[in-house]
Amino acid sequence: METSITPLTQDTAEFVPHIHQLPIELLQHLLILAVAEIRHGNQPWRVYSRIVELRLVSTRWLAAIDSHPSFWTLLTNRLKPLLVSTVLERSGTLPLDVDLVCLATFKTDPPLHYMDIVTSLAERWRSLNIVWIHTEQDEALQNLLLTPAPQLKAVSFECFSDILRTINLFDNIAPDLDSVSTRFFLPNWTWFLMKGLRKLAVGIVKADVRDFEALVQVLVASPNMEELQVRGWRVRGGTVPGEPSFKLEPIVLDSLRLLSLCMLPSPWASKLLEAIRIPQRCAVEIFLDLPSPQASLSRHIKGLQARLTGSSSLKVALEADGSASRADYKCGGTDGVGDTSISFQYYAESADLEVSGAFQLWLSSLAEITESVRIPVHISISSDFLPHPGSPDNLLTSTLKSVDELLPSVYKATFSGSASGQVLSYASSPSFPNLSELEAQAQSKPWEDRSNYSRFDNTDPEIQPPPTVYNGTLRDAVDPMEIPITSLTQGAAEFVPHIHQLPVELLQNLLSLAVAEIRYGNKPWSAYSRIVELRLVCTRWLAAIDSHPSFWTLLTNRLSPSLVSIVLEKSGTLPLDVDLCMETLEADPPLHYINIVTSLAERWRSLNIVWIYTEQDEALQNLLLTPAPQLKAVSFAWFSGILGTISLFDNMAPNLDSISTRFVPPNWTWFLMKGLRKLAVSTLKANVRDFEGLVQVLVASPNMEEIEVCGWRVRGGTVPGEPSFKLEPIVLDSLRLLSLCEFPLPWAYKLLGAIRIPQLCAVEILIDLPSPQAPLGTPMEHLQARLTGASLLKVVLKADENVSKVEYKCDGTDGVGDTSITFRYDAASVTLKYSEAFQL
């Protein structure tokens with residue numbers, strides 16, 4: 001709370017006139033809303049960090065927060081002790097949310113002084129959260145918990161202590177208590193206040209049949225229960241759960257909104273599901289352990305059969321986790337009002353996953369589930385679970401055969417994992433007549449797809465393409481546009497009246513905005529996945545999208561070939577953004593697609609080419625020599641020298657103002673390399689002629705807005721050559737971004753000395769130094785005025801032994817344009833020379 005008040009930031013300053021017009025009460029209410037998400041989240045004590053930030057905006061905000069008691073009702077010992085006195089001073093007489101943490105691993109003694117303060121405030125407790133891992137001095141906690149709490153509504157305990165099972169909390173005086181949550185221990189079930197609850201959560205405990213009986217009694221005594229969560233119960237004293245001593249009568253909980261039974265012994269869970277009358281709007285989550293793969297599932301789902309029968313669909317999934325030796329069987333359905341999800345988990349006895357046992361469980365239960373609920377089923381299988389089709393123990397054959405025989409009960413199958421391509425091709429064989437016409441969606445592993453080669457860099461293993469999604473029938477691995485229209489989801493259905501009231505033009509505009517972020521991101525071709533989803537909402541959305549050409553202006557060969565014809569049909573005469581990806585994994589370049597693209601040259605608006613194929617460059621050359629009158633931007637990434645030898649587009653691309661190349665330099669003498677607005681040249685080996693060409697392009701482009709020159713290495717030696725001419729000042733008044741990263745040091749010095757950097761320009765410099773003795777003065781000299789005007793300067797020394805690298809960073813901002821400089825010295829030896837690093 002003692003931080004000094006800083007000046008308003010630029011963004012905040014724009015709203016000052018409006019803020020000062022607000023009455024103080026409304027300002028306080030808005031600030032309360034600004035912290036509400038943190039205040040009522042999983043870590044509410046972090047709200048004070050946000051409050052501190054808000055207090056620093058202006059003196060009026062500080063006064064508004066400090067004078068409003070509602071900001072100061074959380075009492076915690078997780079932060080500085082000073083905060084406790086601040087809360088007591090500023091919270092007035094409002095009810096308090098109390099948080100007490102005592103961890104034996106961090107403190108030798110419990111916080112007795114803080115506990116005395118909390119006890120003295122018992123009449124103001126609204127909620128009480130206690131984390132007590134200190135087992136030596138439980139009596140310190142007992143005195144606090146025996147204090148009456150007349151305003152207390154909710155308690156949450158996380159303790160490794162049996163004290164809570166033996167005492168009557170709050171001396172049975174907490175009349176408003178309606179929410180109890182415990183972890184690591186069981187509550188005192190006979191406690192007078194364990195009735196009339198609205199929320200109950202008991203998790204991660206060892207229990208016996210008496211605890212289960214007590215839980216049932218609490219539910220019977222709490223007819224207004226809204227949330228019930230029972231998680232992680234293990235049987236105490238044995239592996240076989242005991243049977244309750246009484247017959248479970250129906251438990252009516254008409255207000256129940258959430259029922260979660262996770263890792264509860266299956267006999268108890270079955271009895272509870274049979275007894276509870278689950279209301280229609282309740283979300284149900286069940287996760288049970290099965291003792292063996294022969295275990296029957298019918299008993300477990302009997303209580304939910306009516307819910308699942310009313311569902312619009314059912315999803316059945318088999319997943320494999322070799323590290324945990326686990327087979328999961330999931331059964332999920334939704335009736336459009338309340339959600340239902342069931343998971344049956346079987347742990348294999350051996351360290352390795354028992355595939356045969358898992359399949360025995362899965363196959364024996366699949367027919368049982370689908371037959372009992374009698375609704376359409378969606379089956380999902382991890383292909384990592386399936387052996388190769390040619391293996392002797394061919395469980396894949398038996399699996400697909402079982403699925404095939406269940407049709408038409410099954411309406412969709414999903415195969416995911418590294419072997420999904422094999423599954424698709426194998427499942428389309430004549431052996432499975434029904435399955436071959438089944439709609440399917442398969443996801444491949446990243447290395448099976450080529451959708452990310454526009455960012456190809458074989459030195460970065462973290463850059464991997466996203467999965468390819470095939471939709472449609474297994475036989476022809478279908479076109480993503482041919483998915484049938486499904487019913488509206490619950491969320492979309494709420495907005496149907498508003499959607500139908502929109503004019504179609506406005507609807508089309510809103511849907512365009514819904515895909516804009518993907519469409520103009522790093523992977524624009526992924527926008528078609530989003531478009532497919534939007535088309536499935538309703539027939540009106542489908543018609544709106546299909547009739548609006550602007551949705552179909554991206555032409556790419558990264559997805560299904562049928563997409564090309566769809567784009568040509570639906571895009572009308574609009575300009576096209578063309579994407580051509582070709583890499584060495586292909587046997588031949590996509591000549592048919594290249595011919596189509598070439599024939600559409602008059603409609604090109606942008607052209608992105610990834611060409612890693614070096615054998616048949618002439619296939620590409622014809623395309624690049626075609627005039628492109630509407631072309632505005634080109635992006636090339638390839639390992640081919642063709643780009644530096646030809647005059648692209650026969651010098652007929654009058655609107656071209658943006659050029660990006662990777663791996664090879666452009667033809668600097670190209671007629672169109674002038675009047676540019678954006679230029680990015682990266683990851684290449686260059687010589688002094690390339691540097692001179694870059695300078696000439698900058699001189700010929702006075703309206704340049706963005707320059708990115710990254711990853712230039714000197715060709716033919718380690719010493720960059722000197723340019724043959726003197727660099728005159730380069731005036732770029734429109735420049736907004738200047739990025740020189742991993743650029744040879746002498747050339748960077750010269751460029752920084754020549755360019756007149758405007759005030760609003762963001763500057764990013766990353767320069768390699770030849771030795772730790774290299775002076776830093778020259779680059780700093782050119783940016784000294786910028787850094788001198790900065791409000792903050794940041795200096796960082798970083799060492800990375802893996803790459804033998806030392807970085808020195810100097811960041812500054814003048815409040816208008818940002819400046820960042822990094823000097824890096826790569827040590828000669830594999831082991832980082834710390835002495836040289838510190839010398840630098």
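Quick note: numbers below take in every heavy atom, side chains included, and nothing from hydrogens, waters or symmetry partners. This one's a predicted model, so the numbers in the text were calculated from it and none came from an experiment.
Arg78 is listed as a side-chain neighbour of Asp99, based on a closest heavy-atom distance under 4.5 Å. Residues Asn129 and Leu100 fail the side-chain proximity criterion, which asks for heavy atoms closer than 4.5 Å. Side-chain contact between Thr76 and Leu83 is present, with at least one heavy-atom pair separated by less than 4.5 Å. At least one side-chain heavy atom of Pro187 sits under 4.5 Å from a side-chain heavy atom of Met194. Annotation: side chain of Trp125 is in contact with side chain of Phe170 (closest heavy-atom distance under 4.5 Å). Side-chain contact between Asn224 and Asp178: absent, with no pair of heavy atoms (C-beta onward) separated by less than 4.5 Å. Side-chain contact between Met225 and Leu200: present, with at least one pair of heavy atoms (C-beta onward) separated by less than 4.5 Å. The shortest distance between side-chain heavy atoms of Pro223 and Val252 does not fall below 4.5 Å.
Evaluation of the salt bridge (Lys or Arg N to Asp or Glu O under 4.0 Å) rule for Arg277 yields no partner, not counting sequence neighbours. The side-chain contact (heavy atoms from CB on, under 4.5 Å) check on Ser85 picks up Leu82, with sequence neighbours excluded. In this structure, the side chain to side chain donor-acceptor pair (under 3.5 Å) partners of Ser91, at least two apart in sequence or on a different chain, are Arg124. In this structure, the side-chain contact (heavy atoms from CB on, under 4.5 Å) partners of Ile167, at least two apart in sequence or on a different chain, are Gln142, Leu145, Leu146, Ile163, Leu169. The side-chain contact (heavy atoms from CB on, under 4.5 Å) search around Asp116 returns none, not counting sequence neighbours. Scored by the salt bridge (Lys or Arg N to Asp or Glu O under 4.0 Å) test, Glu53 finds Arg50 as partners (sequence neighbours excluded). With sequence neighbours excluded, the residues satisfying side-chain contact (heavy atoms from CB on, under 4.5 Å) with Gln43 are Trp45, Arg46.
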side-chain contact (heavy atoms from CB on, under 4.5 Å) assessment of Leu273 paired with Ile276: CA-CA 6 Å; Leu273 287 172; Ile276 296 176; over 6 Å; no
- request: Give the C-alpha distance, both sets of side-chain angles, the deciding distance and a yes or no for salt bridge (charged side-chain N to carboxylate O under 4.0 Å, His left out) between Asp66 and Arg90.
  value: CA-CA 7 Å; Asp66 288 359; Arg90 297 179 180 170; 3.3 Å; yes
message: The test is side-chain contact (heavy atoms from CB on, under 4.5 Å); show your working for Ser70 and Leu94 and say whether it passes.
response: CA-CA 8 Å; Ser70 296; Leu94 291 184; 3.9 Å; yes
message: Run the side-chain contact (heavy atoms from CB on, under 4.5 Å) test on Trp233 and Val202 for me, step by step, so that the C-alpha distance in whole Å, both residues' side-chain angles and the decisive distance to 0.1 Å come before the verdict.
response: CA-CA 9 Å; Trp233 282 36; Val202 183; 3.9 Å; yes
field: Criterion side-chain contact (heavy atoms from CB on, under 4.5 Å) on Phe287 and Met263, from CA distance to verdict
entry: CA-CA 6 Å; Phe287 194 154; Met263 306 305 294; 4.0 Å; yes
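Of all heavy-atom pairs spanning Leu197 and Leu177, the tightest one is CD2-O, 4.2 Å. The minimum heavy-atom distance linking Phe184 with Cys159 is given by the pair CB-O, 3.1 Å. Nearest heavy atom pair, residue Ala122 against residue Pro150, reads O-CD, 4.2 Å. Here the closest non-hydrogen pair linking Gly203 and Val205 is O-CG1, 3.4 Å. Heavy atoms only, all atoms of each residue included: Ile117 and Ser120 are closest at O-OG, 2.6 Å. Of all heavy-atom pairs between Val284 and Ile286, the closest is CG1-CD1, 3.6 Å.
With hydrogens and angles disregarded, no donor-acceptor distance shorter than 3.5 Å links the side chain of Asp171 to the backbone of Ile173. A donor-acceptor pair under 3.5 Å links the side-chain atoms of Thr182 to the main chain of Phe185, judged by distance alone. With hydrogens and angles disregarded, a donor-acceptor distance shorter than 3.5 Å links the side chain of Tyr48 to the backbone of Leu74. Checking side-chain atoms of Thr73 against main-chain N and O of Pro69 turns up no donor-acceptor pair under 3.5 Å. Using modelled atom types, one side-chain atom of Ser222 and one backbone atom of Gly196 make a donor-acceptor pair closer than 3.5 Å. In this structure, the side chain of Gln151 engages the main chain of Glu123 through a donor-acceptor pair within 3.5 Å.
Atom CG of Leu54 sits about 11.0 Å away from atom OG of Ser49, to the nearest 0.5 Å. Expressed to the nearest 0.5 Å, how far CG of Leu88 lies from CG of Leu75 amounts to 6.0 Å. Note that the NZ atom of Lys271 and the CG atom of Leu264 stand 12.5 Å from one another [nearest 0.5 Å]. Atom CD of Glu274 and atom CG of Leu248 lie 8.5 Å apart (nearest 0.5 Å). Note that CZ of Phe71 is 5.0 Å distant from CD1 of Ile65, once rounded to the nearest 0.5 Å. Interatomic distance, Ser156 OG to Leu128 CG, rounded to the nearest 0.5 Å: 9.0 Å.
Counting only residues at least two apart or in different chains, salt bridge (Lys or Arg N to Asp or Glu O under 4.0 Å) contacts with residues 206-215 comprise Arg165-Asp211, Asp208-Arg210, Asp208-Arg236, Asp211-Arg236. Screening residues 25-36 for side chain to side chain donor-acceptor pair (under 3.5 Å) gives Gln28-Ser67 as the qualifying pairs, with residues at least two apart or on separate chains. Identified under the salt bridge (Lys or Arg N to Asp or Glu O under 4.0 Å) test for residues 26-44, with sequence neighbours left out: Arg39-Asp97. Applying the ring pair (Phe, Tyr, Trp, His ring centres under 6.0 Å) rule to pairs touching residues 196-225 yields Phe212-Trp268, sequence neighbours excluded.
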Donor-acceptor contacts under 3.5 Å from residues 253-262 side chains, at least two apart:
unit_1 : atom_1 : unit_2 : atom_2 : d
Arg257 : NH1    : Ser255 : O      : 3.3
Ser260 : OG     : Arg231 : NH2    : 3.0
Ser260 : OG     : Glu285 : OE1    : 3.2

